[in-house]
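Start at 1 with the first residue, then count along the sequence.
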Amino acid sequence: MKVLMLHGINHNMFGKRDPKQYGTITLDEINASLTSLGKELGTEVECFQTNSEGEMCERIHQGYRDGVDAVLINAGAWTHYSYGIRDALAILTCPVVELHMSNIHAREAFRHVSVFAEIVKGQICGFGVDSYLLALRAAVSAAQSAPKA
């Protein structure tokens, strides 16, 4: 099984950016935790981060062509306004799990809205780095129970 983890805008600055919201964990540490849990679950996790919306859409398209079994996405601020990324995600036929380290519903009003909400399998937010690990477990479970094409 292969799961694609998509990290959005500014996530390369985890560990430096707003430690009150995101803690001091780095993106490399998050990816290492996902890879480790993936091995326990018998799943290969491929991680991708970009600050370019177009590159994110291209990577989603590649995930579709590659036939990934599930996608995790923490799109950062794009979550709240990127219809381009939303439309790219809608192409996928595998389970997609949206996640956020912070509780987006307890933050600024503009963060309460996810343009992805209608098309994802589910959302996990507010658990810090554990949001990633919970999302991976949920995605693997959803992919295992999805009907095979």
Side-chain angles (χ1 to χ4, degrees), residues 1-64 68-92 94-144:
M1 178 176 299
K2 185 169 185 177
V3 175
L4 177 60
M5 173 68 236
L6 301 170
H7 298 283
I9 193 163
N10 296 316
H11 291 184
N12 56 308
M13 298 305 292
F14 280 153
K16 297 172 184 66
R17 177 178 170 244
D18 197 358
K20 181 180 176 193
Q21 289 294 335
Y22 307 111
T24 57
I25 193 163
T26 67
L27 188 61
D28 286 341
E29 291 169 326
I30 292 168
N31 289 341
S33 293
L34 284 167
T35 300
S36 178
L37 178 58
K39 286 179 184 172
E40 287 179 35
L41 299 174
T43 300
E44 177 187 351
V45 179
E46 181 180 342
C47 300
F48 175 79
Q49 189 278 328
T50 184
N51 292 314
S52 167
E53 193 172 5
E55 286 180 15
M56 181 64 78
C57 290
E58 290 293 336
R59 187 62 192 91
I60 294 166
H61 298 167
Q62 186 62 48
Y64 173 81
V68 297
D69 297 294
V71 171
L72 307 177
I73 185 164
N74 181 350
W78 288 329
T79 301
H80 316 295
Y81 67 87
S82 179
Y83 294 102
I85 293 173
R86 180 211 184 275
D87 289 350
L89 290 170
I91 294 166
L92 297 170
C94 63
V96 178
V97 178
E98 176 186 338
L99 71 110
H100 304 279
M101 289 189 10
S102 67
N103 180 350
I104 62 173
H105 305 290
R107 294 187 62 192
E108 305 93 333
F110 78 90
R111 294 189 197 273
H112 299 181
V113 174
S114 165
V115 298
F116 309 148
E118 295 177 336
I119 61 165
V120 297
K121 177 77 173 166
Q123 301 169 309
I124 297 172
C125 67
F127 296 99
V129 68
D130 286 338
S131 290
Y132 285 92
L133 304 177
L134 292 165
L136 178 57
R137 289 182 185 281
V140 168
S141 177
Q144 289 172 337

**Student:** Short question: side chain of T79, backbone of G76 - any donor-acceptor pair under 3.5 Å?
**Tutor:** yes
**Student:** The test is side-chain contact (heavy atoms from CB on, under 4.5 Å); show your working for V3 and L34 and say whether it passes.
**Tutor:** CA-CA 10 Å; V3 175; L34 284 167; over 6 Å; no
**Student:** For Y132 and F14, which heavy atoms make the closest approach, and how far apart are they?
**Tutor:** OH-CE1, 3.5 Å
**Student:** Looking only at heavy atoms, what is the nearest atom pair of T35 and V45, with distance?
**Tutor:** OG1-O, 4.4 Å
**Student:** Between the main-chain N or O of K2 and the side-chain N or O of D69, is there a donor-acceptor pair closer than 3.5 Å?
**Tutor:** yes
**Student:** Check whether S36 reaches the backbone of A32 with its side chain - one donor and one acceptor, N or O, closer than 3.5 Å.
**Tutor:** no
**Student:** With rounding to the nearest 0.5 Å, note down the distance linking OG1 in T43 to CD in Q144.
**Tutor:** 6.5 Å
**Student:** If you round to the nearest 0.5 Å, how far is CG of L6 from SG of C57?
**Tutor:** 10.0 Å
**Student:** Is the backbone of R137 close enough, under 3.5 Å, to the side chain of S141 for a donor and an acceptor to pair up by distance?
**Tutor:** no
**Student:** Would you compute the distance between atom CG of L4 and atom CZ of R59 and round it to the nearest 0.5 angstrom?
**Tutor:** 4.5 Å
**Student:** How close do R86 and I119 get, counting heavy atoms only, and between which atoms?
**Tutor:** O-CD1, 3.2 Å
**Student:** Could you walk me through whether V68 and Q62 pass the side-chain contact (heavy atoms from CB on, under 4.5 Å) check?
**Tutor:** CA-CA 9 Å; V68 297; Q62 186 62 48; over 6 Å; no
**Student:** How long is the straight-line distance from CD1 of I124 back to CE of M101, given to the nearest 0.5 Å?
**Tutor:** 14.0 Å
**Student:** Would you say OH of Y64 has more than 12 non-hydrogen atoms from neighbouring residues, nucleotides or ligands within 6.0 angstrom?
**Tutor:** no
**Student:** Among all residues two or more places apart in sequence or in another chain, which pass the side-chain hydrogen bond (donor to acceptor under 3.5 Å, both in side chains) test with Q123?
**Tutor:** E98
**Student:** Got a second to check how far L133's CG is from L37's CG, nearest 0.5 Å?
**Tutor:** 5.5 Å
**Student:** Listed by chain and number, what are the ring-ring contact (aromatic ring centres under 6.0 Å, His included) partners of H100, not counting sequence neighbours?
**Tutor:** none
**Student:** Please report the closest heavy-atom contact between N103 and C125, naming both atoms and the distance.
**Tutor:** OD1-SG, 3.7 Å
**Student:** For I60 and I91: C-alpha separation, side-chain torsions, deciding distance, then whether side-chain contact (heavy atoms from CB on, under 4.5 Å) applies.
**Tutor:** CA-CA 9 Å; I60 294 166; I91 294 166; 5.9 Å; no
**Student:** Students often mix this up, so state it plainly: with edges at 30° and 60°, are the rings of H11 and H7 parallel, tilted or perpendicular?
**Tutor:** perpendicular
**Student:** I need the L41 CG to L136 CG distance, nearest 0.5 Å.
**Tutor:** 5.5 Å
**Student:** For the residue pair A75 and F116, what are the closest heavy atoms and their distance?
**Tutor:** CB-CE1, 3.5 Å
**Student:** Taking all heavy atoms of N51 and all of Q49, pick out the closest pair and write down the distance.
**Tutor:** OD1-NE2, 3.2 Å
**Student:** Do other residues, nucleotides or ligands put more than 12 heavy atoms under 6.0 Å from the OH atom of Y83?
**Tutor:** no
